[in-house]
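Read through the structure below, which is laid out as structure tokens, and then see the notes.
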Amino acid sequence: MLTMMSQIRLPLYCCYASSTSISETHHQVFNGNTVSRQEIRRGLPSKGRMSSDTLDLLKDCQLSVKQVNPRQYVAQIPQISNLEVWFQRPKDIVRKLLSGDLDLGIVGLDVLTEFGQGNEDLIVVHEALEYGDCRLSIAIPQYGIFENVNSLEELAKMPQWTEDKPLRVATGFTYLGPKFMKDNGIKHVAFSTADGALEAAPAMGIADAILDLVSSGTTLKENNLKEIESGTVLESQAALVASRDQ
Ligand SMILES: Nc1ncnc2c1ncn2[C@@H]1O[C@H](COP(=O)(O)OP(=O)(O)OP(=O)(O)O)[C@@H](O)[C@H]1O
Ligand SMILES: O=P(O)(O)OC[C@H]1O[C@H](OP(=O)(O)OP(=O)(O)O)[C@H](O)[C@@H]1O
């Protein structure tokens, strides 16, 4: 299980982050050797949906990130000495927290759970930063053999799925998808993966179902897909995560 410190509320986090200097030694492993550094490294999403909301949150905390230009991936927060900001893709923030190359990061709980895989070296300092809300859900077509299927149980009980012809699920969540099916005792499932626009997979005949992020539900609706009862794997929003000092 990831360690949670949910009792820490946002204003406290802002106060902590506003301290003017941080001077502990941090360690990372490089080529088998432990390397020490004095700076605290914070990873922020370099692009995508979370990026501007993350900068807005820091600005609300009176912490303005000084980035010379958008293609430069390192920045400073002038109010805090010894702090480096590194812009990275969310999944890479989690990987670098695990390796100790970052000390703090802001990512969605979905990415944290998928790539952190329950590692205890990841400490959730604040799990509800109140943006980036979405859920990871199974969705199936509204039509055809799925017309009267409205729950995970009904989906699992469909006679169509056999060892030779399993339920085909397209997802980018290749750790959480199989885990969820296994935890729910659902057999005869085969996963395929793609990087985006997964909602097209059932209509293209590539998959029977998808497991993807849903927020407003518009993308599912526009592609004639529906969520099902007990088909939500997790609820997500932006979280502040720390790497356990190694
Ligand atoms: N529809 C959505 N509504 C709200 N938040 C979302 C939505 N889709 C994704 N998110 C959140 O934003 C995060 C980043 O999503 P985004 O699609 O921008 O990723 P990305 O930076 O393009 O990542 P990738 O490396 O997969 O390309 C997700 O991990 C999730 O926490
Ligand atoms: O419920 P909604 O508000 O419609 O949002 C859901 C969509 O948002 C995300 O995709 P994104 O826009 O990041 O594009 P992608 O499919 O190319 O990753 C997600 O993967 C869904 O496709």
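Bear in mind that the values here come from a model prediction, so they are computed numbers and not experimental data. Atoms within each ligand, like the ligands themselves, are counted from 1 in listed order. These numbers come from the heavy atoms of this one structure, side chains and all, not from hydrogens, waters or symmetry mates.
For Glu222, the heavy-atom gap to ligand 2 stays at 4.0 angstrom or more. Ligand 1 lies within reach of Gly132, whose nearest heavy atom is under 4.0 Å from it.
The distance from the CD atom of Gln67 to the CG atom of Leu44 is 9.5 Å, given to the nearest 0.5 Å. In this structure, Asp103 CG and Arg42 CZ are separated by 10.5 Å, a value rounded to the nearest 0.5 Å. Within the model, atoms CG of Leu109 and CD of Glu114 stand 13.0 Å from one another, a figure rounded to the nearest 0.5 Å.
With Glu154 contributing its side chain and Asn150 its backbone, the two residues share a donor-acceptor pair below 3.5 Å. In terms of modelled atom types and a separation under 3.5 Å, the side chain of Trp161 and the main chain of Leu155 share a donor-acceptor contact.
At the top of the distance list for atom 20 (P) of ligand 1, counting protein heavy atoms only, stands Lys47 NZ, 4.3 Å. The protein atom (non-hydrogen) at minimum distance from atom 19 (C) of ligand 2 is Leu213 O, 3.5 Å. Closest to atom 2 (P) of ligand 2, if we only count protein heavy atoms, is Ser216 OG, 3.4 Å. Regarding atom 4 (O) of ligand 2, its nearest protein heavy-atom neighbour is Thr219 OG1, 2.4 Å. The closest protein non-hydrogen atom to atom 18 (O) of ligand 2 is Gly196 CA, 4.0 Å. Nearest to atom 3 (N) of ligand 1 among the protein's heavy atoms is Ser215 CB, 3.1 Å. In terms of protein heavy-atom proximity, atom 29 (O) of ligand 1 is nearest to Asp110 OD2, 2.8 Å. Of all protein heavy atoms, the one closest to atom 11 (C) of ligand 1 is Cys134 SG, 4.0 Å. Scanning the protein for heavy atoms near atom 23 (O) of ligand 1, the closest one is Arg89 NE, 4.2 Å.
Listed by number with element, the atoms of ligand 1 under 4.0 Å from a non-hydrogen atom of Gly108 are 31 (O). For ligand 1, the atoms closer than 4.0 angstrom to any heavy atom of Met50 are 12 (O), 13 (C), 14 (C). The distance from ligand 2 to the heavy atoms of Val214 drops below 4.0 Å at these ligand atoms: 1 (O). Atoms of ligand 2 lying under 4.0 Å from at least one heavy atom of Glu199, given by number and element, are 21 (C), 22 (O). Close approach of ligand 1 to Leu213 (heavy-atom distance below 4.0 Å) involves ligand atoms 8 (N), 9 (C), 28 (C), 30 (C). Below 4.0 Å from some heavy atom of Val111 lie the following atoms of ligand 1, by number and element: 29 (O). Atoms of ligand 2 lying under 4.0 Å from at least one heavy atom of Ala197, given by number and element, are 15 (P), 16 (O), 17 (O). Set against the non-hydrogen atoms of Asp133, the atoms of ligand 1 under 4.0 Å away are 3 (N), 4 (C), 5 (N). Remark: ligand 2 atoms within the under-4.0 Å shell around heavy atoms of Arg49 are 8 (O), 9 (C), 10 (O), 11 (P), 12 (O), 13 (O).
Leu122 has its side chain out of reach of Arg244: every pair of non-hydrogen atoms, C-beta onward, lies at least 4.5 Å apart. Between Leu225 and Gln142, every side-chain heavy-atom pair lies at or beyond the 4.5 Å cut-off. Side-chain contact check for Phe115 versus Val107: every heavy-atom pair is 4.5 Å or farther apart. The side-chain heavy atoms of Phe87 and Pro45, taken from C-beta on, include no pair separated by under 4.5 Å. Side-chain atoms of Pro141 and Asn224, non-hydrogen and from C-beta on, never get closer than 4.5 Å to each other.
Within a 4.0 Å radius of atom 18 (O) of ligand 1, the protein has at least one heavy atom. Checking atom 14 (O) of ligand 2 against the protein gives no heavy-atom contact under 4.0 Å.
When only interatomic distances are considered, the shortest N/O to N/O separation between Leu220 and ligand 2 does not fall below 3.5 Å.
Only the side chain of Asp212 comes within contact range of ligand 2, with a heavy atom under 4.0 Å; no backbone atom does. For Arg49, heavy-atom contacts with ligand 1 shorter than 4.0 Å involve the backbone as well as the side chain. The proximity of Ala238 to ligand 1, defined as any non-hydrogen pair under 4.0 Å, does not occur for either the backbone or the side chain.
Considering each of Lys91, Gln237, Glu114, the one bringing a non-hydrogen atom nearest atom 26 (O) of ligand 1 is Lys91.
More than 12 non-hydrogen atoms from other residues, nucleotides or ligands lie less than 6.0 angstrom from CG of Asn69. At most 12 heavy atoms of other shown residues, nucleotides or ligands fall within 6.0 angstrom of atom CD in Glu163.
Test Val85, Ile40, Val241 against Leu104 for side-chain contact (heavy atoms from CB on, under 4.5 Å) and you get one pass: Ile40. The one candidate from Arg89, Gln88, Arg95 that meets the side-chain hydrogen bond (donor to acceptor under 3.5 Å, both in side chains) condition with Asp92 is Arg95.
Leu234 is not connected to Val111 by any chain of hydrophobic side-chain contacts under 4.5 Å among Ile, Leu, Val, Met, Phe, Trp and Tyr, and they are in different clusters.
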* Asked: Does the side-chain contact (heavy atoms from CB on, under 4.5 Å) test come out yes or no for Val169 and Asp208, once each step is laid out?
  -> CA-CA 6 Å; Val169 183; Asp208 305 299; over 6 Å; no

